[in-house]
Amino acid sequence: MHCRRGDAASRFTAFFVANMETVLDSLAIQKLLPHRYPFLLVDRIVELVPRERIVGIKQVSINEYFFQGHFPGAPVMPGVLVVEALAQVGAVLALREIEDRDQKLVLFTGIKEARFRRPVVPGDTLILEVTAIRIGSRVQRMRGEAKVDGQLAADAEIMSIVAPRDTGEQRNGE
């Protein structure tokens, strides 16, 4: 059964999330990640165990740009963006451990066993939990789960590398 806003589970989730301590707010996240509107898909971090586990929150609003076309009259957050939100939370976990993080990017190298189990719609609070399988100075492997009202919405194993952040001019030899 899919819980809608106003149901007991949704009210509990709203209360639970509202009362969670914010470990990193949006400004702190932006100091770690290069992503900006409209592609920053995590609003705050509410739990963080360095090198082990992190939990982020994404408040899904009808004002999200992707709802204009996905789908008119029946808005659903694209599954690939749910996985991207998990990856961004994982990147926060990885980048916190790197001293020269402003010179680095975390880049996807793979997504394994991604499953989409329920739609994410406007008004949902997406709880993004990522657990480290391997965090190295260059290669990362993590397992992520996205939940709404305690129900699994999506999960995946995410692989990435930490790469130097260079500009197009450097790549073109200028």
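Quick note: residue numbers are just sequence positions, from 1. The structure presented is a predicted model; accordingly, all values stated were derived computationally and were not measured.
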side-chain contact (heavy atoms from CB on, under 4.5 Å), that's the test. Do Phe71 and Phe66 meet it? Break it down for me.
CA-CA 8 Å; Phe71 300 99; Phe66 45 80; over 6 Å; no
Distance from [X] atom [atom1] to [Y] atom [atom2], nearest 0.5 Å?
{"X": "Leu24", "Y": "Ile29", "atom1": "CG", "atom2": "CD1", "result": "6.0 Å"}
{"X": "Glu64", "Y": "Gln59", "atom1": "CD", "atom2": "CD", "result": "10.0 Å"}
{"X": "Ile45", "Y": "Leu128", "atom1": "CD1", "atom2": "CG", "result": "8.0 Å"}
{"X": "Leu126", "Y": "Lys58", "atom1": "CG", "atom2": "NZ", "result": "8.5 Å"}
{"X": "Ile127", "Y": "Glu47", "atom1": "CD1", "atom2": "CD", "result": "9.5 Å"}

For [X] versus [Y], what's the shortest heavy-atom pair and its separation?
{"X": "Gly79", "Y": "Phe116", "result": "O-CE2, 3.2 Å"}
{"X": "Ala153", "Y": "Val148", "result": "CB-CG2, 4.4 Å"}
{"X": "Ser160", "Y": "Val106", "result": "OG-CG1, 3.4 Å"}
{"X": "Phe67", "Y": "Pro75", "result": "CD2-CB, 3.5 Å"}
{"X": "Ala146", "Y": "Val82", "result": "CB-CG1, 3.6 Å"}
{"X": "Ala87", "Y": "Ile158", "result": "N-CD1, 3.8 Å"}

Kindly work out whether a path of hydrophobic side-chain contacts (I/L/V/M/F/W/Y, heavy atoms less than 4.5 Å apart) joins [X] to [Y].
{"X": "Val89", "Y": "Leu48", "value": "yes"}
{"X": "Val92", "Y": "Leu107", "value": "no"}
{"X": "Val130", "Y": "Met159", "value": "no"}

Write out all pairs satisfying side chain to side chain donor-acceptor pair (under 3.5 Å) with one or both partners inside residues 131-148, taking only residues at least two apart or from two chains.
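Of all non-adjacent pairs touching residues 131-148, those that pass side chain to side chain donor-acceptor pair (under 3.5 Å) are Arg141-Glu157, Arg143-Asp155.
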Would you list the pairs meeting side chain to side chain donor-acceptor pair (under 3.5 Å) in which at least one residue belongs to residues 85-106, sequence neighbours left out?
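Only Glu84-Gln88 qualify under side chain to side chain donor-acceptor pair (under 3.5 Å).
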Ile111 vs Val83, side-chain contact (heavy atoms from CB on, under 4.5 Å): CA-CA, chis, key distance, verdict:
CA-CA 9 Å; Ile111 303 167; Val83 173; 4.0 Å; yes
